[in-house]
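Read the structure below first, then the notes.
Note: hydrogens, waters and symmetry copies are ignored here, and every other heavy atom, side chains too, is used.
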Amino acid sequence: MTDSTAQPSNSPHVEIGKYNTLTVVAVTPTGVYLDGGDLGEILLPNRHVPSDCKIGNSIKVFIYLDSAERITATTEKVLGQVGEFVSLKVVQVNKMGAFLDWGLPKDLLVPYNQQHSEMEVGKYYLVRIFLDQRTERVAASSKLDKFIDIWPAEYQQGDKVKLIIGGKTDLGFKAIVNDLHWGLLYDNEIFQPLRIGKKIDGYIKQVREDGRLDLILTRGSKNTVKSFADKLVDALQKNNGFLPLHDKSAPELIQRTLGVSKKTFKATVGNLLKNGKLTIEKDGIRLK
């Protein structure tokens with residue numbers, strides 16, 4: 001192992017609990033050592049070292065504290081990293097808290113004081129992964145509100161956003177918007193199965209006066225109709241020019257078959273009818 005007492009001026013800033021791309025500085029019988037900047041040289045054990053690895057190579061690795069509390073690198077794929085919301089399964093509960101499977105030999109701890117409700121083995125929970133700055137240990141919390149921005153959201157109607165489904169309510173599903181805010185999807189506007197932790201694109205339906213967000217999964221605009229028209233024609237062509245869908249078809253059937261809301265389907269069919277590209281039959285639509 002090389003002397004790591006002095007770091008070069010271009011030494012990398014390495015983040016524990018995240019993926020980092022680091023440079024190999026030494027090759028040893030136990031593995032390779034990576035330039036960890038202020039953290040010193042970090043071991044990537046032999047079982048994770050790519051073939052023909054040499055000094056000077058760059059490797060993308062995940063950095064965490066192993067069971068012996070040593071800063072360690074791995075090329076294994078983890079299910080989430082610091083700063084992310086992710087749904088994970090509880091594999092063990094003991095006096096320290098609940099332990100989640102996140103893809104590494106060392107499970108991810110959710111201390112009891114970070115549990116919104118008492119966790120049970122075998123169940124999945126949506127958690128936020130965070131770094132304990134005092135211990136440098138990566139942990140998780142199901143107390144999601146503490147990680148959500150308290151300031152009103154600055155969005156415009158129609159803005160495309162990233163959603164993480166957060167839970168069921170009486171009105172529909174609440175979702176985390178762009179990892180920052182809570183929003184709400186209404187039951188009567190959902191045409192696909194949702195589960196807690198699912199990541200999906202959505203749109204801002206409206207920003208209420210109190211700053212809360214109403215969400216929708218399809219924009220439902222003329223642009224959506226226009227972009228879907230080609231997909232509908234393609235689906236008809238692949239099905240011998242006919243689809244058994246019409247204005248009386250269930251929204252769930254349309255969503256399952258074509259991946260759009262019934263509103264978008266009807267608007268697109270109407271547009272294609274006006275342009276003479278479709279005909280309506282008793283049991284569905286046919287391509288001219």
Side-chain angles (χ1 to χ4, degrees), residues 14-20 60-67 69-151 153 161-185 190 192-202 212-213 215 217:
V14 178
E15 296 184 90
I16 296 175
K18 291 188 177 184
Y19 286 103
N20 300 260
K60 183 178 180 180
V61 292
F62 184 81
I63 304 298
Y64 72 109
L65 268 63
D66 65 12
S67 56
E69 302 298 318
R70 296 170 299 198
I71 297 176
T72 306
T74 180
T75 54
E76 291 187 57
K77 181 177 175 58
V78 296
L79 300 178
Q81 56 182 330
V82 167
E84 293 183 344
F85 294 94
V86 62
S87 179
L88 298 174
K89 183 180 180 180
V90 176
V91 293
Q92 182 186 359
V93 173
N94 62 24
K95 62 182 181 180
M96 295 177 63
F99 290 84
L100 310 176
D101 176 11
W102 65 325
L104 294 179
K106 182 183 179 182
D107 296 322
L108 183 63
L109 173 65
V110 185
Y112 281 107
N113 64 1
Q114 293 294 334
Q115 296 180 28
H116 181 266
S117 58
E118 189 171 337
M119 292 181 165
E120 300 177 35
V121 171
K123 291 188 176 182
Y124 284 82
Y125 296 87
L126 183 63
V127 297
R128 169 78 171 225
I129 302 176
F130 69 94
L131 180 67
D132 186 319
Q133 298 294 338
R134 182 177 61 83
T135 64
E136 293 191 329
R137 295 187 184 126
V138 181
S141 174
S142 62
K143 294 183 176 181
L144 305 182
D145 285 343
K146 64 191 290 187
F147 301 99
I148 301 296
D149 199 332
I150 62 173
W151 299 104
V161 291
K162 298 289 185 182
L163 304 179
I164 302 173
I165 304 304
K168 190 74 176 71
T169 73
D170 292 339
L171 298 175
F173 282 88
K174 62 180 183 178
I176 301 170
V177 182
N178 288 347
D179 288 332
L180 288 173
H181 300 95
W182 282 117
L184 182 64
L185 291 159
I190 299 172
Q192 61 180 281
L194 297 178
R195 58 172 174 77
I196 294 174
K198 183 173 183 177
K199 297 182 179 182
I200 190 171
D201 289 337
R212 295 184 180 181
L213 302 173
L215 308 169
L217 296 179

I'd like a table of donor-acceptor pairs (distance under 3.5 Å, sequence neighbours excluded) in which one partner is a side-chain atom from residues 80-92, with atom names and distances.
residue: Gln81; atom: OE1; partner: Tyr19; partner atom: N; Å: 3.0
residue: Glu84; atom: OE1; partner: Gln81; partner atom: N; Å: 3.1

Seminar exercise, completed: side-chain hydrogen bond (donor to acceptor under 3.5 Å, both in side chains) filter on Glu69, not counting sequence neighbours, yields Arg137
Exercise. Between CG of Asn20 and CD1 of Ile16, what distance do you get to the nearest 0.5 Å?
Worked result: 9.5 Å
For this session: Of all the heavy-atom pairs spanning Arg128 and Leu144, show the shortest one and how long it is.
Result: N-CD2, 3.9 Å
For this session: Just jot down the ring pair (Phe, Tyr, Trp, His ring centres under 6.0 Å) partners of Trp102, sequence neighbours excluded, or say none.
Result: Phe62
For this session: Calculate, to the nearest 0.5 Å, the distance between atoms CH2 and CG belonging to Trp182 and Leu184 respectively.
Result: 11.0 Å
For this session: Only counting residues at least two apart or in another chain, list the ones meeting salt bridge (Lys or Arg N to Asp or Glu O under 4.0 Å) with Glu136.
Result: none
For this session: Not counting sequence neighbours, which residues clear salt bridge (Lys or Arg N to Asp or Glu O under 4.0 Å) with Arg195? List them please.
Result: none
Problem set entry | Those residues that, when tested against Ser142, pass side-chain hydrogen bond (donor to acceptor under 3.5 Å, both in side chains) (two or more places apart) | none
For this session: Just jot down the salt bridge (Lys or Arg N to Asp or Glu O under 4.0 Å) partners of Lys146, sequence neighbours excluded, or say none.
Result: none
For this session: Apply the side chain to side chain contact (heavy atoms under 4.5 Å, CB included) test between Ile63 and each candidate in Val14, Thr74, Val138; give the one that qualifies.
Result: Val14
For this session: Return the minimal non-hydrogen interatomic distance between Ser141 and Gln114, and the atom names on each side.
Result: OG-OE1, 2.7 Å
Problem set entry | Nearest-0.5 Å distance, CD1 of residue Ile190 to CD1 of residue Ile165 | 7.0 Å
For this session: Just grab all the ring pair (Phe, Tyr, Trp, His ring centres under 6.0 Å) pairs involving residues 121-148, residues at least two apart or on different chains.
Result: none
Exercise. Can you tell if the side chain of Leu217 reaches within under 4.5 Å of the side chain of Leu163, non-hydrogen atoms only?
Worked result: yes
Exercise. By salt bridge (Lys or Arg N to Asp or Glu O under 4.0 Å), which residues pair with Lys123, not counting sequence neighbours?
Worked result: Glu120
For this session: Just jot down the side-chain contact (heavy atoms from CB on, under 4.5 Å) partners of Ser67, sequence neighbours excluded, or say none.
Result: none
Check residues 105-112 and write down every donor-acceptor pair under 3.5 Å in which the side-chain atom is one partner and the other belongs to a residue at least two apart or another chain.
residue: Lys106; atom: NZ; partner: Leu65; partner atom: O; Å: 3.1
residue: Lys106; atom: NZ; partner: Asp66; partner atom: O; Å: 3.3
residue: Tyr112; atom: OH; partner: Asn94; partner atom: O; Å: 2.7

Exercise. Going from CZ on Arg70 to OG1 on Thr72, what distance comes out if it is rounded to the nearest 0.5 angstrom?
Worked result: 6.0 Å
Exercise. If you take all heavy atoms of Leu213 and His181, which pair is closest and at what distance?
Worked result: CD1-CB, 4.1 Å
Can you give each donor-acceptor pair under 3.5 Å made by side-chain atoms of residues 169-180, sequence neighbours left out, with the distance rounded to 0.1 Å?
residue: Thr169; atom: OG1; partner: Leu171; partner atom: N; Å: 3.2
residue: Thr169; atom: OG1; partner: Gly172; partner atom: N; Å: 3.1
residue: Thr169; atom: OG1; partner: Gly172; partner atom: O; Å: 3.3
residue: Asn178; atom: OD1; partner: Lys162; partner atom: N; Å: 2.8

